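Shown next, in structure tokens, is the structure this report addresses.
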Amino acid sequence: MEEIGEHWRKGLIRISHEHIASHTIRTFLGGILSSANPHPSAPGVVVTTPADQWHDVGALVLAVAAASEGWDVTYLGANLPAEEIAGAARTKGAKCVILSIVYPEDDPGVAKEIAKLRRALPDNVYIISGGRASAGYGDALEKADAIRVESIYDLRTTLESIRKR
């Protein structure tokens with residue numbers, strides 16, 4: 001997706017090409033996610049992007065990775081306010097929430113949403129954040145006692161660690 005975005009920025013492909021690629025990848029990942037069959041005792045996880053984060057392919061990748069690790073995934077899509085994410089996590093009885101943050105790297109609104117999410121979630125629910133722009137929210141994530149992952153491998157080892165707690 002980064003390469004496709006770069007091609008679009010350079011004018012090598014049209015916006016319509018980027019949309020076709022995104023749709024194809026979403027459909028493929030959604031198919032994998034919908035075929036997941038978690039064990040009834042699998043821990044729950046909610047995966048989404050915070051409010052004003054519209055790029056959801058990374059969130060789908062994180063959702064598929066969590067499902068492949070045996071978690072019961074509720075994928076909420078993009079652009080959800082903190083209160084809605086927390087409500088879904090409470091309803092699900094989720095052990096953690098995974099946020100994908102891709103663009104931009106410096107939106108004060110996203111930092112506020114992270115803080116709101118922490119306040120709205122029970123203390124025993126972990127927040128995990130990944131995505132290209134998540135490093136730009138390091139202070140907000142740290143204040144929210146969130147775990148930032150830099151790769152799918154990091155996500156998998158983090159989920160394994162949380163599962164054992």
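All values derive from a computational prediction rather than experimental measurement.
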Check: Are there more than 12 heavy atoms of other residues, nucleotides or ligands under 6.0 Å from atom CD of Glu150?
Finding: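 Count not over threshold, so no.
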Any donor and acceptor pair, going by atom type alone, linking the side chain of [X] with main-chain N or O of [Y] inside 3.5 Å?
| X | Y | answer |
| --- | --- | --- |
| Ser161 | Thr157 | no |
| His7 | Glu3 | yes |
| Lys95 | Ile162 | yes |
| Ser68 | Ala65 | yes |

If you take all heavy atoms of [X] and [Y], which pair is closest and at what distance?
| X | Y | result |
| --- | --- | --- |
| Ala66 | Ile98 | CB-CD1, 4.3 Å |
| Pro104 | Tyr137 | O-OH, 2.7 Å |
| Ala59 | Thr49 | CB-CG2, 4.0 Å |
| Arg14 | Trp8 | C-CD1, 4.0 Å |

Checklist line | Residue pair Val61, Ser100: steps toward the side chain to side chain contact (heavy atoms under 4.5 Å, CB included) verdict | finding: CA-CA 9 Å; Val61 169; Ser100 175; over 6 Å; no
Just list the side-chain donor-acceptor pairs under 3.5 Å for residues 78-85, sequence neighbours left out, or say none.
residue : atom : partner : partner atom : Å
Asn79   : OD1  : Asp52   : N            : 2.6

Nearest 0.5 Å please: distance from the [atom1] atom of [X] over to the [atom2] atom of [Y].
| X | Y | atom1 | atom2 | answer |
| --- | --- | --- | --- | --- |
| Met1 | Arg26 | CE | CZ | 7.0 Å |
| Thr27 | Ile32 | OG1 | CD1 | 11.5 Å |
| Cys96 | Arg163 | SG | CZ | 10.5 Å |
| Lys143 | Ile114 | NZ | CD1 | 11.0 Å |

Next item on the list: Kindly write out the residues that satisfy side chain to side chain donor-acceptor pair (under 3.5 Å) with Gln53, not counting sequence neighbours, or none if the list is empty.
Entry: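 Once residues adjacent in sequence are excluded, Gln53 has no partner under the side chain to side chain donor-acceptor pair (under 3.5 Å) criterion.
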Next item on the list: Would you please test Thr91 and Thr74 for side chain to side chain contact (heavy atoms under 4.5 Å, CB included) and show each step?
Entry: CA-CA 11 Å; Thr91 299; Thr74 299; over 6 Å; no
Next item on the list: With sequence neighbours left out, write down each residue that passes salt bridge (charged side-chain N to carboxylate O under 4.0 Å, His left out) with Arg90, or none if nothing qualifies.
Entry: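 None.
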Next item on the list: Using the test side chain to side chain contact (heavy atoms under 4.5 Å, CB included), find all partners of Glu160 that sit at least two apart in sequence or belong to another chain.
Entry: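 Listed in chain order: Lys164.
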Side-chain donor-acceptor pairs under 3.5 Å in residues 121-131, sequence neighbours left out?
residue : atom : partner : partner atom : Å
Tyr126  : OH   : Arg165  : NH1          : 3.3

Item checked: Pairs flagged by salt bridge (Lys or Arg N to Asp or Glu O under 4.0 Å) wherever residues 97-108 is involved - sequence neighbours left out ->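 Of all non-adjacent pairs touching residues 97-108, those that pass salt bridge (Lys or Arg N to Asp or Glu O under 4.0 Å) are Glu105-Arg132.
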Check: With side chains defined as the heavy atoms from C-beta onward, is the minimum distance between Val46 and Val73 less than 4.5 Å?
Finding: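 Contact flag for Val46/Val73 side chains = no.
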Item checked: Leu99 vs Thr48, side chain to side chain contact (heavy atoms under 4.5 Å, CB included): CA-CA, chis, key distance, verdict -> CA-CA 5 Å; Leu99 300 175; Thr48 188; 3.9 Å; yes
